[in-house]
Novice: 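First the structure, then my questions, so here it is.
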Amino acid sequence: MKYYRVKPTRRLSGDVAVPGSKSQTARGLVLGTLAKGTSHVLNPMLNLDNYDIAECCRRLGAQVDTSNDNDWVITSPGLEGLHVPAAVLDVGNSGTGFYFLTTMAAMLKGKSVITGDYQICYRPIAPLLNAIREMGGKATSTRDNELAPLIIEGPVEGGHTVHLNGKNVQWSIGLMVCCPALEGTTTIKFDNLGERPYANLTMDWMKAAGVELINHDYEEFVIPGGQTYRPFTKKTACDWCSASYPMVAAAIMPESCRIRLLDMDVNDFMGERHYVDWINAMGGRVEVLNDGKDGVIVEGGHELHGIEIDCGDTPDAVPALAVLGCYAKGKMVLTNIAASRMKETDRAATIAGELRKMGAKIEEGPDSLTIYHSPLHGTAIDGHHDHRIVMATAVAALGAEGETIIDSVEHVGVSYPRFYEEMKGIGANIVRLSED
């Protein structure tokens, strides 16, 4: 196991290179596998999750070349040339991969086995499994608990209307991407769809691959059948969720300072782009240059005050926002956080528990967190094998009194492999340790 030792830091300065979008890279891999021909995903995120998705796509029959860090090449026979895998589809820790690959397997004639690490084996997926069954496929949980490992047997058929709980958009993303290939029109109805930015970026990548759906105000998606996927070349935007950690770190610095995030895009679909607005609304200062293309400047040394933020579209932001709340005068209220409880961990409960170890005053409700201004102190932190908990607590520790030790930090490779190097590069007092 690896650890971070973090000590107080007064100021940060320098440039941060933010990786390509994790979510967009995943969608590029999947759509490139469905399209007949050669597709290119430019500026891919080089993270563990996407390497696992790439390997699963290979097992379905695509050739995926990840040797060029700037251009991943997917050469596929198209959906009609894919086949059930000879080996298990192991998505590792990728929740996105889990939901995509489960749906893709349901498109194929025959049985596929899908699993992942221990966290994936407790990720809720029952609504998607029920949809597959309603569409004529079979879905079996080997433990009879509607959780992975799964045995999926297809092919599913179009022409159906399925209903999905809108709390987790990931239950629908595979259907959005795969149903255009079916015969007949498929309709997905939602009960109050959250995480809409993820639906929007899915539709954007679908458009690049030549397929589409009709969006009726996020209450239902109508997906005409008989569409053909075409190969594409598309660049991912830099990942706002990864950018949020250095942004929060700079904003909580007690001394005047500034960092610059390189090559961002405030017109991207990701909801976390609103960190620009949130930090400014809290009394911080964030400046966007040329829509982010020339950089996003975040200053430290400003007094922050708490605000209320609806996290329905940004569940992955909950841990970092909770940290931001600890350093803001008054209180920060995070609402509509239910989706954050269905990730690698129950992130609302997990970040609240770890920050309390550091002295934070946090009240947890079923669908909210209230964080009060709290002087933090160093302590031993359990990273819970969750990349976002590790990064959020590392940022919190920069402003805490005394030394903080965080475990399981190797898991940052899931979404931000160079987190340590980038934070160190702007002056964070952080050291990586190993028990070896």
Side-chain angles (χ1 to χ4, degrees), residues 4 6-25 42-47 69-70 235-268 270-280 282 284-302 304 314 316-317 319-321 323-324 327 387-388 390-399 406 409 411-432:
Y4 290 153
V6 187
K7 294 183 179 180
T9 302
R10 302 288 300 178
R11 61 189 310 276
L12 300 171
S13 64
D15 292 344
V16 179
V18 179
S21 168
K22 171 175 177 282
S23 298
Q24 293 184 38
T25 303
L42 308 180
N43 191 38
M45 178 180 272
L46 312 176
N47 67 318
D69 289 350
N70 299 308
K235 181 180 179 181
T236 78
C238 288
D239 192 66
W240 278 101
C241 209
S242 297
S244 67
Y245 303 101
M247 291 181 76
V248 171
I252 67 174
M253 288 292 104
E255 296 183 2
S256 178
C257 61
R258 54 191 277 159
I259 67 168
R260 180 175 64 154
L261 308 172
L262 303 174
D263 195 24
M264 303 302 295
D265 181 4
V266 293
N267 299 311
D268 182 33
M270 295 305 300
E272 285 80 8
R273 71 188 187 279
H274 291 299
Y275 270 97
V276 172
D277 308 311
W278 295 333
I279 293 173
N280 281 331
M282 295 175 71
R285 181 168 174 77
V286 183
E287 182 182 3
V288 177
L289 307 177
N290 188 21
D291 286 340
K293 297 178 183 65
D294 294 331
V296 174
I297 307 295
V298 187
E299 294 184 358
H302 297 278
L304 305 175
T314 55
D316 288 339
L321 287 175
V323 171
L324 196 57
Y327 290 92
H387 51 119
R388 303 211 185 277
V390 169
M391 291 187 285
T393 53
V395 168
L398 294 175
I406 306 169
V409 303
H411 289 270
V412 301
V414 168
S415 66
Y416 197 170
R418 287 186 51 80
F419 170 77
Y420 172 80
E421 289 81 3
E422 295 297 334
M423 293 302 294
K424 189 86 171 171
I426 56 175
N429 195 342
I430 180 171
V431 176
R432 189 162 49 196

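In what follows, residues are counted from 1 in the order of the sequence shown.
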Novice: Answer yes or no: is there a side-chain heavy-atom contact under 4.5 Å between I252 and V395?
Specialist: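 The answer is yes; the side chains approach within 4.5 Å.
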Novice: I would like to know whether R258 and R260 meet side-chain contact (heavy atoms from CB on, under 4.5 Å); could you show each step before the answer?
Specialist: CA-CA 7 Å; R258 54 191 277 159; R260 180 175 64 154; over 6 Å; no
Novice: Consider side-chain contact (heavy atoms from CB on, under 4.5 Å). Of E272, M45, Q24, which one does D239 pass it with?
Specialist: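 Answer to the side-chain contact (heavy atoms from CB on, under 4.5 Å) test with D239 among E272, M45, Q24: M45.
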Novice: Looking only at heavy atoms, which two atoms of L398 and N429 are closest? And how far apart?
Specialist: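 In this case the closest contact between L398 and N429 is CD2-N, 4.1 Å.
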Novice: So V288 and M264, do their side chains get closer than 4.5 Å, heavy atoms only?
Specialist: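 No, their side chains stay 4.5 Å or more apart.
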Novice: With rounding to the nearest 0.5 Å, note down the distance linking CD1 in I297 to CG in L261.
Specialist: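 Answer rounded to 0.5 Å: 8.0 Å.
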Novice: Taking all heavy atoms of P19 and all of S242, pick out the closest pair and write down the distance.
Specialist: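 Minimum heavy-atom separation between P19 and S242: CG-OG, 3.9 Å.
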Novice: Find the distance between NZ (K22) and OG1 (T236) and round it off to the nearest 0.5 Å.
Specialist: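 Those atoms lie 13.0 Å apart.
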Novice: Any donor-acceptor pair under 3.5 Å linking the side chain of E422 with the backbone of V18?
Specialist: no
Novice: Are the side chain of N47 and the backbone N or O of Y416 linked by a donor-acceptor pair below 3.5 Å?
Specialist: no
Novice: Quick one: does any side-chain atom of S21 pair with a main-chain N or O of A237 as donor and acceptor, under 3.5 Å?
Specialist: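 Pair absent, no side-chain N/O of S21 close to backbone of A237.
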Novice: Hey, what's the ring geometry for F419 with Y4, parallel, tilted or perpendicular (30° and 60° as the breaks)?
Specialist: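 Geometry flag for Y4 against F419: tilted rings.
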Novice: Could you tell me whether the side chain of M247 reaches within less than 4.5 Å of the side chain of I279, counting heavy atoms only?
Specialist: yes
Novice: Is any side-chain heavy atom of R388 closer than 4.5 Å to a side-chain heavy atom of Y245?
Specialist: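 Contact flag for R388/Y245 side chains = yes.
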Novice: Would you say Y327's side chain and A396's backbone share a donor-acceptor pair under 3.5 angstrom?
Specialist: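 A pair under 3.5 Å: yes.
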Novice: Nearest 0.5 Å please: distance from the CG atom of L46 over to the OG1 atom of T25.
Specialist: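 Reported value, rounded in 0.5 Å steps: 8.0 Å.
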Novice: Determine the minimum heavy-atom distance between C238 and D263, stating which atoms define it.
Specialist: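 The answer is SG-O, 3.3 Å.
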Novice: Measure the CD-CG distance between E287 and D294 for me, rounded to the nearest 0.5 Å.
Specialist: 11.0 Å
Novice: Mind checking whether V296 and Y275 have side chains closer than 4.5 Å, heavy atoms only?
Specialist: no
Novice: With a 3.5 Å distance limit and no angle check, can you tell me whether N43 reaches the backbone of K235 through a side-chain donor-acceptor pair?
Specialist: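 No, because the side chain of N43 does not come within donor-acceptor range (under 3.5 Å) of the backbone of K235.
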Novice: In the structure I gave you, are the side-chain heavy atoms of T314 and M270 within less than 4.5 Å of one another anywhere?
Specialist: no
Novice: Could you give the distance from CG (N70) to CG (L42), rounded to the nearest 0.5 Å?
Specialist: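 Spacing of CG (N70) from CG (L42) equals 8.5 Å.
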Novice: Taking all non-hydrogen atoms of both residues, which atom of R11 and which atom of C257 are closest, and how far apart?
Specialist: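 The answer is CB-CB, 3.8 Å.
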Novice: Quick one: do W240 and V276 satisfy side-chain contact (heavy atoms from CB on, under 4.5 Å)? Show the steps, please.
Specialist: CA-CA 10 Å; W240 278 101; V276 172; 3.9 Å; yes
Novice: For the backbone of K7 and the side chain of T9, can you confirm whether one donor and one acceptor N or O come within less than 3.5 Å of each other?
Specialist: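 Confirmed, T9 side chain pairs with K7 backbone.
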Novice: Atom NE2 in H387, atom NE2 in H411: separation rounded to 0.5 Å?
Specialist: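 Taking NE2 in H387 and NE2 in H411, the distance rounds to 10.0 Å.
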Novice: P246 versus V298: any side-chain heavy-atom pair under 4.5 Å?
Specialist: no
Novice: Quick test of your reading of the model: are R432 and E421 salt-bridged, counting only N-O distances below 4.0 Å?
Specialist: yes
Novice: Which heavy atom of L12 sits nearest a heavy atom of A428, and at what distance?
Specialist: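 So the two residues come closest at CD2-N, 3.5 Å.
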Novice: Within a strict 4.5 Å, meaning less than it, do heavy atoms of the Y420 and V412 side chains meet?
Specialist: no
